[in-house]
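Below is one structure, written out as structure tokens; comments come after it.
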Amino acid sequence: MVKTWRRLLQAHPRWITTTLLIPVLYGLGWLLAQPLAQVLPEASAARLSLIGTIGSLLLFILLLPSWVRQRWNSRHPWLTLGLRSRRGEPAGVVCLGYGLLRSVGLLALICFPLIFGSWGRWLGELTSGDVLNAILLCFGVGLAEELLFRGWLWGELHELAGSRLAVIAQAVIFSLAHTRFDQGVLPMIGLLTGLMLLGLVLAVQRRLDGGSLWGCVGLHGGLVGGWFALRAGLLQISPSAPEWLIGPGGPHANPLGGLIGIAALSLLLQRQLTALARAARP
């Protein structure tokens with residue numbers, strides 16, 4: 001079994017193994033969840049799907065260290081992936097905190113026009129269940145997706161295509177994986193643009209943090225968990241709120257696809273690139 005796994009990791013062309021890994025793991029997670037339909041007949045399809053996704057994630061995390069050792073010739077996989085900090089670099093908890101603060105700032109830029117434009121009303125109400133869900137979304141989705149996109153995918157693309165192309169390609173794949181294509185051309189373009197900018201911002205943030213993934217986890221997770229908390233009870237958004245402000249999607253709108261979200265991410269990316277250029281100067 002171990003020898004077979006090693007042969008698969010070293011198979012050529014290498015991009016085939018990269019392309020197949022996630023679909024295969026997703027399929028295995030789905031298969032592992034199917035027996036639960038017999039044990040728990042009352043479980044909904046959505047819950048079984050969630051269980052299957054969690055199973056796929058656990059398989060991914062279990063396989064990841066050997067993948068990084070064999071494919072990337074790394075002796076320290078978690079350091080290479082950015083979950084451990086190098087000596088002399090900012091601690092993971094510091095990067096996480098700054099990432100969370102950046103997410104709060106971005107969400108505030110979206111909320112202020114809603115409130116002062118009479119499209120939203122601050123309620124400040126959250127149940128304990130809502131708080132728990134927001135925290136789980138923040139750290140669960142943030143860690144899982146950053147490990148996948150800015151950890152594994154970016155590393156694979158770097159090995160296959162080089163550093164510059166890898167940054168752009170991971171952002172494109174990230175945006176395509178999160179965009180709904182049933183909302184019309186302009187909303188789709190807005191959402192693709194906002195998500196691609198977020199993918200670039202997260203990649204540059206990891207470089208600014210010395211390779212640590214935790215700043216990306218804080219920023220990405222904070223946006224997901226924070227927007228959930230706002231919609232769950234902190235902020236009441238009027239049905240007449242313009243799409244250019246809250247983004248496409250109606251009740252499930254993604255604010256990153258709106259003009260405010262795109263402008264805010266563009267400004268943040270510009271500041272990051274300036275900081276990166278300054279850091280590169282002798």
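All values below come from the heavy atoms of this structure, side chains included, with hydrogens, waters and symmetry mates left out. Position 1 is the first residue of the sequence, and the numbers go up from there.
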Within one Ile-Leu-Val-Met-Phe-Trp-Tyr cluster: V104 and F139, side-chain cutoff 4.5 Å: no
Closest heavy-atom pair and its distance - V217, L143: CG1-N, 3.8 Å
Co-membership, hydrophobic cluster, residues I22 and L195, 4.5 Å side-chain: yes
Check: R150 main-chain N/O paired with Q170 side-chain donor or acceptor under 3.5 Å: no
W214 side-chain N/O to L83 backbone N/O, donor-acceptor pair under 3.5 Å: yes
Step-by-step side-chain contact (heavy atoms from CB on, under 4.5 Å) determination, L106 to L265: CA-CA 8 Å; L106 287 170; L265 287 171; 4.1 Å; yes
Side-chain heavy atoms of Y98 within contact of D209, under 4.5 Å: no
Donor-acceptor pair, side chain of S212 and main chain of G92, under 3.5 angstrom: no
Distance, nearest 0.5 Å, that separates CG of L100 from SG of C95: 11.5 Å
Main-chain N/O of S74 paired with R69 side-chain donor or acceptor, under 3.5 Å: no
Contact summary for L81 and W152, nearest pair of heavy atoms: CD2-N, 4.0 Å
Main-chain N/O of L63 paired with S66 side-chain donor or acceptor, under 3.5 Å: yes
Closest non-hydrogen atom pair, G151 against L213: N-CD1, 4.1 Å
A253 backbone acceptor or donor facing W227 side chain under 3.5 Å: yes
Closest approach of A203 to V167 (non-hydrogen atoms, all atoms of both residues): CB-CG1, 4.2 Å
Beyond-backbone contact of V68 with W78, side-chain heavy atoms, under 4.5 angstrom: no
Plane angle bin for F149 and H178 - parallel if under 30°, tilted between 30 and 60°, otherwise perpendicular: tilted
Atom of G190, atom of I262 and distance for their closest heavy-atom approach: O-CD1, 3.6 Å
Intermediate values then yes/no, side-chain contact (heavy atoms from CB on, under 4.5 Å), L191 and M188: CA-CA 5 Å; L191 197 51; M188 181 188 68; 5.8 Å; no
N/O donor-acceptor pair under 3.5 Å between E159 side chain and W72 backbone: no
Considering all heavy atoms, the nearest L109-I260 contact: O-CG2, 3.5 Å
Joint hydrophobic cluster, L59 plus Y26, side-chain heavy atoms closer than 4.5 Å: no
Close side-chain approach of L107 and L223, heavy atoms under 4.5 Å: yes
